[in-house]
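No hydrogens, no waters, no symmetry mates; every other heavy atom, side chains included, goes into these values. Quick note on labels: first sequence line is chain A, next is B, and so on, each numbered from 1.
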Amino acid sequence: MKVLSAVAWPYTNGPRHIGHVAGFGVPADVFSRYMRMAGHDVLMVSGTDEHGTPILVLAEQEGATVQETVDKYNAVIVQDLTDLGLSYDLFTRTTTRNHYRVVQDLFTQIRANGYMIEQTTTTAISPSTGRTLPDRFLEGTCPICGYPEARGDQCDNCGNQLDPADLINPHSKINGEVPEFIETQHFFLDLPALAGALQQWLDEVDTAGTWRPGVINFAKGIANDMHPRAMTRDIDWGIPIPVDGWETKRFYVWFDAVIGYLSAAIEWARRLGEPDRWRDWWNDPTALSYYFQGKDNVTFHAQIWPAELLGYRGLGDKGGEPGAFGELNLPTEVVASGFLNLAGAQFSTSRGNVIYVKDMIATYGADALRYFICAAGPETQDSDFTWEEFVTRNNNELVAGWGNLVNRTASMIAKNFGQIPEPAALEPVDEELLAAVRAGFGAVGALLETQRQKAALAEAMRLVRLANKYVTDTEPFRLKGDDQRERLGTVLHTLAQAVGDLNTMLAPFLPHSSNQVAQTFGATTQFMPMPQIEQVRDLDDDSRAYPIITGEYSGTPRWESRPVTVGVPVAKPTPIFAKLDAIDPADPFGHDA
RNA sequence: GGGGCGGUAGCUCAGCCGGUUAGAGCAGCGGACUCAUAAUCCGUCGGUCCUGGGUUCAAGCCCCAGCCGCCCUACCA
């Protein structure tokens with residue numbers, strides 16, 4: 001089965017904090033790794049999202065050019081995601097020539113099919129910068145109730161919808177200046193003409209019942225009330241509109257960002273030297289596609305992106321036909337998570353209420369963070385990160401449960417045999433443990449396939465406890481006499497087998513440590529493949545170079561029990577997972593120490 | 001204002017199409033054990049399922065109203 005793993009595109013406005021990766025990166029990676037193990041042909045793509053006004057503002061603040069700014073944060077983000085072990089087939093960026101071309105081609109066909117309509121609107125611009133001021137950056141006195149802090153689009157006091165041009169004393173929330181209102185022309189995506197097709201698709205999805213309730217209900221809600229939505233902006237940073245007379249405008253950042261899933265797949269195929277390979281994931285109607293993101297992105301993945309695809313294919317009220325990309329698949333599932341909050345409040349870079357992925361990995365390791373996210377992350381609703389919870393989960397579950405099982409098993413084998421011992425006849429207690437662990441492949445796998453990662457991890461950890469209990473029940477540490485050596489070998493062999501299987505099961509969650517565990521039990525090659533950074537040239541502009549994340553994942557182990565090999569040497573282990581002391585939230589990375 | 005989601009043990013969360021005494025992990029308490037990073041194993045304590053109405057033989061689950069938190073509503077996961 002072909003499986004497209006479409007991961008949200010991080011915005012190049014700074015390093016990633018742990019809330020970002022909890023929402024899209026880690027869940028997408030766990031799923032992708034599992035699906036590869038289950039034998040599917042996974043294509044995992046993403047990249048940095050680099051257009052839009054906030055980037056311009058940021059570049060100004062940093063006193064750098066826009067290109068320097070996005071290059072800088074692209075590099076930082078690429079490093080963060082690679083260090084976390086996110087196994088992208090291609091992590092690229094939206095500033096490639098390939099992406100520009102795909103976006104323009106998609107636009108041209110959507111327009112040819114009649115779903116891009118020109119409309120004139122009144123918009124506020126900042127006289128000092130010449131930039132458009134989005135309604136929400138406008139503030140003024142409400143013409144209806146007199147509330148002095150009404151927003152451009154709505155008054156929070158009386159609740160009335162407002163037209164920004166009607167505000168009394170309008171001013172910019174950014175710098176306080178008085179905006180100028182101008183008439184401007186834009187291309188609007190004709191959502192009403194696509195509403196029927198969109199509704200039909202959502203109804204099918206709803207009937208299938210596979211999406212998370214919050215996501216499908218939200219999608220159906222917004223689909224009930226659709227207006228044309230502007231897909232162009234008065235801005236000079238972004239993808240040019242391929243229409244005469246539109247040279248001063250650019251595409252709306254979200255119009256192009258979601259197309260990245262397609263353009264990245266195309267770039268991947270081109271780099272492979274098989275330029276049509278991407279079609280296996282996009283044109284084959286049996287191929288599956290999963291889109292991972294935070295809840296604030298649902299509107300773009302369950303409405304705008306499907307609408308763009310439907311418009312491209314000509315499936316709306318105005319008819320039409322697909323262009324050269326063919327009949328592009330709609331999402332199989334939009335997998336949206338909640339937000340990870342920091343001690344009850346939202347992450348905020350400006351207020352310093354933030355924990356960066358980089359610091360977290362450097363101090364505590366990638367898998368400790370991955371474990372927390374998988375065990376306590378915002379899978380279907382917001383969740384809290386606290387340092388206390390992080391330490392507790394790490395020490396009591398990861399270290400004391402799994403780490404200890406690995407360590408005690410390897411220690412006993414090393415001390416008594418120095419290699420994986422041969423088993424004699426298995427007793428019922430041995431058979432029971434092995435059967436229970438083997439059954440985990442079915443149970444954990446089914447949960448991972450349906451995006452229930454917390455439950456999947458909990459099930460795997462339940463089996464870890466079962467293995468720890470097996471040690472208590474069989475007491476290998478008391479089998480000391482020569483006459484008990486055969487039984488000791490059998491128990492330790494059984495335990496090694498259980499640990500090996502559990503390591504396979506935990507590998508999607510904890511890929512880095514799965515390699516160390518495999519190594520502890522004698523593996524000489526890498527167990528779980530890891531992503532790497534490569535410097536490449538832009539395929540269509542030799543003067544441009546950038547880093548991508550890619551990897552060779554064909555060696556991914558299968559999702560199945562692998563018999564341990566008798567005689568493989570096992571040395572006295574060093575602990576793989578580190579136990580943590582209490583962390584001072586005021587100085588979590590020990591900088592002040 | 002509109003649309004959507006959530007509010008279940010001290011903490012983090014499960015509870016599918018309503019069906020017997022509401023579950024798990026962690027923390028707490030008691031005990032066992034010592035191979036292991038004082039880890040593990042067993043037992044145990046612990047809940048007005050946000051509030052108030054309603055439907056039903058039966059409601060954490062459905063309906064209505066309210067309170068609280070969050071997301072979207074033309075550019076931060």
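- Residue A/Pro476 is classed as having no contact, given no heavy-atom separation below 4.0 Å to the nucleic acid.
- A/Leu502 places its CG atom 16 Å from the P atom of B/U40, with the value rounded to the nearest Å.
- Annotation: B/C16 and B/G10 have their P atoms spaced 22 Å apart (nearest Å).
- Here the separation of B/G4 from B/C62, taken at their P atoms, is 15 Å to the nearest Å.
- One donor-acceptor pair, N or O on each side, does fall under 3.5 Å between the base of B/A36 and the side chain of A/Asn404.
- Comparing the P positions of B/C45 and B/U51 gives an interatomic distance of 24 Å, to the nearest angstrom.
- Using a 4.0 Å heavy-atom distance criterion, A/Phe390 is classed as making no nucleic acid contact.
- At the phosphate of B/A14, OP1 or OP2 sits under 4.0 Å from a side-chain N or O atom of A/Thr380.
- The side chain of A/Gln293 contributes no N or O atom lying less than 4.0 Å from OP1 or OP2 of B/C71.
- Summarising the base pairing, B/A24 is matched to B/U12 through a Watson-Crick or G-U wobble pair whose two defining distances lie under 3.5 Å.
- Rounded to the nearest Å, the gap between the C1' atom of B/C67 and that of B/G53 is 15 Å.
- The shortest distance between the side-chain N/O atoms of A/Arg452 and the OP1/OP2 oxygens of B/G15 is below 4.0 Å.
- Ring pair A/Tyr261/A/Trp305 is tilted by interplanar angle, where 30° to 60° counts as tilted.
- In a base pair of the Watson-Crick type (N1 to N3 plus N6-O4 or O6-N4) or a G-U wobble (N1-O2 and O6-N3), with each distance short of 3.5 Å, B/U34 is matched with no nucleotide.
- Note on A/Lys579: a base of the nucleic acid sits closer than 4.0 angstrom, heavy atoms only.
- Comparing B/U12, B/A74, B/C41 against the side chain of A/Ala230 picks out B/A74 as the nearest.
- Residue-level contact check: A/Leu56 touches neither bases nor backbone, having no heavy atom under 4.0 Å from any strand.
- Using a 30° and 60° split on the angle between ring planes, A/Phe390 and A/Phe385 fall in the tilted class, from 30° to 60°.
- The same atom, P, is picked in B/G69 and in B/G23; the two are 32 Å apart, to the nearest Å.
- Of the candidate nucleotides B/U34, B/C11, B/U40, B/U34 has the atom nearest to the side chain of A/Phe477.
- The nearest whole Å value for the distance from the OH atom in A/Tyr364 to the P atom in B/U37 is 22 Å.
- In this structure, A/Ile304 places its CD1 atom 12 Å from C1' of B/U73, rounding to the nearest Å.
- Closest contact between the side chain of A/Phe577 and the listed nucleotides B/U37, B/C35, B/C72 involves B/U37.
- Residue A/Gly214 is in sugar-phosphate contact alone, with no base atom involved, counting any heavy-atom pair closer than 4.0 Å across all strands shown.
- If you find the closest nucleotide of RNA chain B to A/Pro10 and to A/Ser383, the one lying nearer the 5' end belongs to A/Ser383.
- The same atom, C1', is picked in B/U20 and in B/C57; the two are 14 Å apart, to the nearest Å.
- When ring centroids are compared, A/Phe509 and A/Tyr371 stay outside the 6.0 Å threshold.
- One finds the NZ atom of A/Lys220 at 4.0 Å from the CG atom of A/Asp203 (value rounded to the nearest 0.5 Å).
- Regarding A/His51, its NE2 atom lies at a distance of 18 Å from the C1' atom of B/A74, rounded to whole Å.
- Within a 6.0 Å sphere centred on CD of A/Glu388, heavy atoms belonging to other residues, nucleotides or ligands number 12 at most.
- Taking CE from A/Met461 and CG from A/Leu502, the interatomic distance works out to 9.5 Å, rounded to the nearest 0.5 Å.
- The side chain of A/Thr299 has B/C72 as its nearest neighbour among B/C13, B/C72, B/C41.
- Nearest to the side-chain atoms of A/Asn396 among the listed nucleotides B/U12, B/C35, B/C26 stands B/C26.
- Nucleotides B/C70 and B/U12, compared at atom P, are 16 Å apart to the nearest Å.
- Side chain of A/Asp382, nearest nucleotide from B/C70, B/G4, B/U37: B/C70.
- Listed nucleotides B/G25, B/C75, B/C41 differ in distance to A/Tyr11; the shortest reach to its side chain belongs to B/C75.
- By the 30° and 60° cut-offs, the orientation of the rings of A/Trp387 relative to A/Tyr364 is tilted.
- Of the two residues contacting RNA chain B, namely A/Gly294 and A/Arg229, the nearest-nucleotide position lying further toward the 5' end is that of A/Arg229.
- Pairing for B/C5 is with B/G69, a Watson-Crick or G-U wobble pair whose two hydrogen-bonding atom distances lie under 3.5 Å.
- Proximity note for A/Tyr252 (side chain, C-beta onward) versus B/G4, B/C76, B/A74: the nearest is B/A74.
- Between A/Phe339 and A/His20, the ring center distance fails the sub-6.0 Å criterion.
- You'll find the ring centres of A/His493 and A/Phe417 outside the 6.0 Å limit.
- Heavy atoms of A/Glu388 sit nowhere under 4.0 angstrom from any nucleic acid atom.
- Nearest nucleotide to the A/Arg233 side chain, out of B/C35, B/C75, B/C13: B/C75.
- Contact between the side-chain N/O atoms of A/Asn407 and the OP1/OP2 oxygens of B/C35 is not found at any separation under 4.0 Å.
- Put simply, A/Lys415 has no side-chain N or O that comes within less than 4.0 Å of OP1 or OP2 on B/C35.
- At a threshold of 4.0 angstrom between heavy atoms, the contacts of A/Phe292 with the nucleic acid are absent.
- Rounded to whole Å, the distance from NE2 on A/His227 to P on B/U73 is 13 Å.
- Counting only heavy atoms from C-beta on, A/Lys480 has its side chain closest to B/C35 among B/G4, B/C35, B/C11.
- Of the C1' atoms belonging to B/C63 and B/C13, the separation is 27 Å, rounded to the nearest Å.
- Figure legend. B/C75 is base-paired to no nucleotide; pairs are counted as Watson-Crick or G-U wobble with both atom distances under 3.5 Å.
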